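Here is the structure we will look at, set down as structure tokens.
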Protein chains: 2
Amino acid sequence: MTTIPTLPDAAATPAATFTPPQFGVGARVTLAVMSERYADIILAAIRSTDPTGLTLETGVVSTFVGGAEPDIVRYLTDLIAAAGRSGHHVSATVHFSRGCPGEVICELPGGAGPLHSEIPEVPATGIRAAGEWALYPLDDGGRPGTTPDHMRDIYAAIDYATANGSFVASEHFVTRLEGDLATVIQTAAAGWILVGRSVQHVTSHLTLSINSPSAL
Amino acid sequence: MTTIPTLPDAAATPAATFTPPQFGVGARVTLAVMSERYADIILAAIRSTDPTGLTLETGVVSTFVGGAEPDIVRYLTDLIAAAGRSGHHVSATVHFSRGCPGEVICELPGGAGPLHSEIPEVPATGIRAAGEWALYPLDDGGRPGTTPDHMRDIYAAIDYATANGSFVASEHFVTRLEGDLATVIQTAAAGWILVGRSVQHVTSHLTLSINSPSAL
């Protein structure tokens with residue numbers, strides 16, 4: 001049972017009418033497999049993962065995954081789990097963002113307001129993961145009452161991770177999470193979504209380790 | 001020749017008297033080598049890299065590197081270059097932070113002010129790298145005149161990357177950099193340091209790809 005922390009929720013705002021692509025909801029993911037067969041393993045993981053509802057763009061360093069939060073969380077969990085099932089040591093870097101679509105300039109400047117989303121549930125994968133997680137409420141000049149309060153927002157996210165058992169420790173610059181891969185990814189996404197209920201532009205970075213010989 | 005963008009510089013502040021550890025200057029690095037021999041290659045890279053002046057703490061997911069900016073940049077460049085010289089495809093995730101020492105709570109709350117640092121120069125490695133880079137000026141309730149302006153700060157950092165030739169493109173959520181590994185790391189660090197002259201708490205995330213068969 002997970003307690004949902006209390007944060008101001010500005011759902012009844014104009015931003016609530018935006019679609020996820022209009023609001024710039026998405027993630028970037030980089031998957032590393034410590035094997036000479038990494039290309040085959042990553043391609044097989046991609047082929048086995050359902051991209052329904054998502055826009056995928058593969059780049060030199062990472063793959064962009066755009067769409068609604070539940071689809072993003074499901075896709076990332078399935079993709080990284082598939083690579084983890086190879087049995088090799090896998091490292092994955094995930095970068096979530098919402099509230100700032102566009103390239104250099106946000107096409108939704110600060111006044112658009114936050115967008116309410118529900119926290120998605122994801123079935124367990126059976127794969128243990130360790131994660132290091134950072135969460136960033138960003139100030140782009142929002143409306144009064146929707147501006148970030150970094151510590152308030154971080155505490156709410158850590159409360160969530162503590163309630164579901166994935167919180168391990170606070171380290172320099174990051175929170176360490178451990179648990180089923182689905183829980184770790186869902187927890188990072190939950191913090192991002194919770195803070196996004198009161199702050200328009202929120203990003204979150206999660207580095208994951210699976211099958212490490214030195215831990216878990 | 002690199003043009004240094006013009007940003008407000010609050011060097012003459014009390015924060016200018018803090019040491020790098022007191023100010024929480026550091027990075028976390030995760031190194032992934034796509035080979036069954038990854039442990040040997042990473043251990044050899046660590047052994048060949050001079051840690052002088054730095055505090056290193058190796059964790060499950062990443063290694064913390066604390067110290068002054070020039071030492072951090074030199075260490076990360078030498079470490080990742082050593083792994084890259086294995087010839088294997090290498091992925092590295094780097095997370096810079098300054099202005100928020102401590103665990104969950106910044107031990108320097110927002111009023112401490114920014115800390116001026118010089119941009120370090122690093123010799124070329126001869127290794128090509130592609131990077132995806134995000135830069136976050138964070139609002140922890142700073143003094144007037146030292147608060148973040150996300151777009152002003154990002155533009156200054158991109159101006160720097162354009163001037164030294166490493167800027168390739170703006171992608172969703174990130175700036176793509178390419179060039180010698182030293183230049184790519186130095187450019188990300190330069191943006192972090194430049195923004196840090198007017199904003200106390202600044203983080204930056206850089207994902208690097210070396211020896212990728214699909215690019216470079």
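Nothing here was measured: the structure is a model prediction, and the numbers come from that model. Convention: sequence-line order gives letters A, B, ...; per-chain numbering from 1.
Of the two parts of B/Thr30, only the side chain, counted from C-beta on, holds a non-hydrogen atom closer than 4.5 Å to a non-hydrogen atom of chain A. Residue A/Thr93 touches chain B through its side chain alone, counting heavy-atom pairs closer than 4.5 Å. Proximity to chain B is limited to the side chain of A/Ser91, based on heavy atoms less than 4.5 angstrom apart. Residue B/Ser62 touches chain A through both its backbone and its side chain, counting heavy-atom pairs closer than 4.5 Å.
Salt-bridge annotation for B/Glu171 and A/Arg28: absent, with no side-chain N of the basic residue lying under 4.0 Å from a carboxylate O of the acidic one.
Proximity of the aromatic rings of A/Phe173 and B/Phe64 is defined here by a centroid distance below 6.0 angstrom, and this criterion is met.
For the residue pair A/Val184 and A/Gly179, the shortest heavy atom distance occurs at CG2-N, 3.6 Å. For the residue pair B/Ala161 and B/Leu177, the shortest heavy atom distance occurs at CB-CD2, 3.8 Å.
There is no side-chain donor-acceptor pair under 3.5 Å between B/Gln186 and B/Thr183. For the residue pair A/Thr207/A/Glu132, the side-chain donor-acceptor check at 3.5 Å is not satisfied. Between the side chains of A/Thr203 and A/Arg98, no donor-acceptor pair is found at a separation under 3.5 Å.
Proximity to chain B among residues 33-44 of chain A is limited to A/Val33, A/Met34, A/Ser35, A/Glu36, A/Tyr38, judged by heavy-atom separations below 4.5 angstrom.
Under the salt bridge (charged side-chain N to carboxylate O under 4.0 Å, His left out) criterion, B/Asp71 pairs with B/Arg74, sequence neighbours left out.
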